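Comments concern the structure below.
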Amino acid sequence: MWLADEAATENAGRLLSKVIATGDVVALSGPLGAGKTGFARGLIEGLGFEGEVPSPSFGLVIPYAFPDVRVPVWHIDLYRLDEMAEVDELGLDDAREDNALVIEWAERMGSQLWEDALLIDLAVEGTGRRLTARVPPSWKGRWPIL
Ligand SMILES: Nc1ncnc2c1ncn2[C@@H]1O[C@H](COP(=O)(O)OP(=O)(O)O)[C@@H](O)[C@H]1O
Ligand SMILES: [Mg+2]
C-alpha cells in the first residue's frame, strides 16, 4: 500500500483501529523516520484517544487505558531496549491479556515476538512510504487492505 504523506500513514493506522481487539499485537518495522509513530498515532486516535501521542522511545512503553479508548493499548518502542531493559522485564505477555500492543522496532524482540503478531513494515520510497503487511491466519479478512 502506497502512503503519499504522513496523513495517509495516520489514516492507515486509523483504519486498523476499527478492527483491533484486546490481545492483538501490531509489530511495526522500518527505519527511523519511516512513519511507525505516525501509524501508531492514527491507530490510538482511532480508538478514541484525543490527546498527544508522542514517541515512546525514551520510556519504552506508554499505556493508553482511558474510558474514551475503545480497546486499551500499550504503545511500545523497543529502539533503546538494549540500553534500558530486557524484553522480559516489560511484562508484555501479561499486558496482552487485557490490552492490544502496538510495538515499534518489534524486530528487536527476535524470536520472542509472537507468531500471531500482525507485521507492518514501512519503507521510505521517495517522498512517501510503502506499507507491506505480513498477515498471520488470525488476522486474515479483518482489515480490507491486508
Ligand atoms: N508518507 C509518510 N508517512 C509517514 N511519515 C512521513 C511520510 N512522509 C513524510 N513523513 C515524515 O517522516 C517522519 C516520520 O516520523 P515517525 O512517524 O516518528 O517515524 P518513526 O516512528 O518510524 O521513526 C515525520 O517527520 C513525517 O512528517
Ligand atoms: Mg517512532
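Quick caveat: nothing in here was measured; it's all calculated off a predicted structure. In this chain, residues are counted from 1 in sequence order. Whatever order the structure lists them in is the order used to number ligands and atoms, beginning at 1.
Within the listing of ligand 1, atoms 17 (O), 19 (O), 20 (P), 21 (O), 22 (O), 23 (O) sit less than 4.0 angstrom from a heavy atom of Lys36. Close approach to Thr37 involves these atoms of ligand 1, each under 4.0 Å from a residue heavy atom: 17 (O), 18 (O), 20 (P), 21 (O). Atoms of ligand 1 found under 4.0 Å from any heavy atom of Leu32, numbered from 1 in the order shown, are 23 (O). Per-residue contacts place Ala34 under 4.0 angstrom from the following atoms of ligand 1 (heavy atoms of the residue considered): 19 (O), 20 (P), 22 (O). Of all atoms in ligand 1, listed by their number and element, those nearer than 4.0 Å to a heavy atom of Asp5 are 1 (N), 2 (C), 3 (N), 7 (C). Here is the list of ligand 1 atoms found below 4.0 Å of a heavy atom in Thr127: 8 (N). Close approach to Leu3 involves these atoms of ligand 1, each under 4.0 Å from a residue heavy atom: 1 (N). Applying the 4.0 Å criterion to heavy atoms of Gly38 picks out, from ligand 1, the atoms 17 (O).
Linking ILVMFWY residues whenever their side-chain heavy atoms come closer than 4.5 Å, directly or via other members, leaves Phe58 and Trp74 in distinct clusters. If you chain together hydrophobic residues whose side chains sit under 4.5 Å apart, Val19 and Leu15 fall into the same group.
Distance CG/Asp5 to CZ/Arg129: 10.0 Å, rounded to 0.5 Å. Leu131 contributes atom CG, which lies 5.0 Å from atom CD1 of Ile120 (distance to the nearest 0.5 angstrom).
Of the options Asn99, Leu101, Val25, a side chain to side chain contact (heavy atoms under 4.5 Å, CB included) to Leu92 is made by Leu101 and by none of the others. Between Leu47 and the options Asp68, Val102, Val73, a side chain to side chain contact (heavy atoms under 4.5 Å, CB included) holds for only Val73.
Relative ring orientation between Phe66 and Phe49 is described as parallel, the plane-to-plane angle staying below 30° on a 0-90° scale split at 30° and 60°.
Contact analysis leaves Ser57 out of contact with ligand 1, as no non-hydrogen atom separation drops below 4.0 angstrom. At least one heavy atom of Gly33 sits less than 4.0 Å from an atom of ligand 1. Put simply, part of Ala4 is less than 4.0 Å from ligand 1, judged by heavy atoms.
Distance check for Glu104 against the Mg ion (ligand 2): an N/O/S atom falls below 2.8 Å. Residue Thr37: an N/O/S atom is found under 2.8 Å from the Mg ion (ligand 2).
A donor-acceptor pair under 3.5 Å is formed between the side chain of Lys36 and the backbone N or O of Gly30. When atom types are taken as modelled, the side chain of Arg70 and the backbone of Ser17 share a donor-acceptor pair closer than 3.5 angstrom.
For atom 9 (C) of ligand 1, the nearest protein heavy atom (residue, atom name, distance) is Arg129 NH2, 3.3 Å.
At a heavy-atom distance under 4.0 Å, no atom of Ser55 approaches ligand 1. Under 4.0 angstrom from ligand 1, there are no non-hydrogen atoms of Arg41.
Atom 25 (O) of ligand 1 is not flagged as protein-proximal [any protein heavy atom, distance under 4.0 Å].
Residues Val124 and Pro31 come closest through the heavy atom pair CG2-CG, 4.4 Å.
A side-chain donor from one of Asp121 and Ser29 sits under 3.5 Å from a side-chain acceptor of the other.
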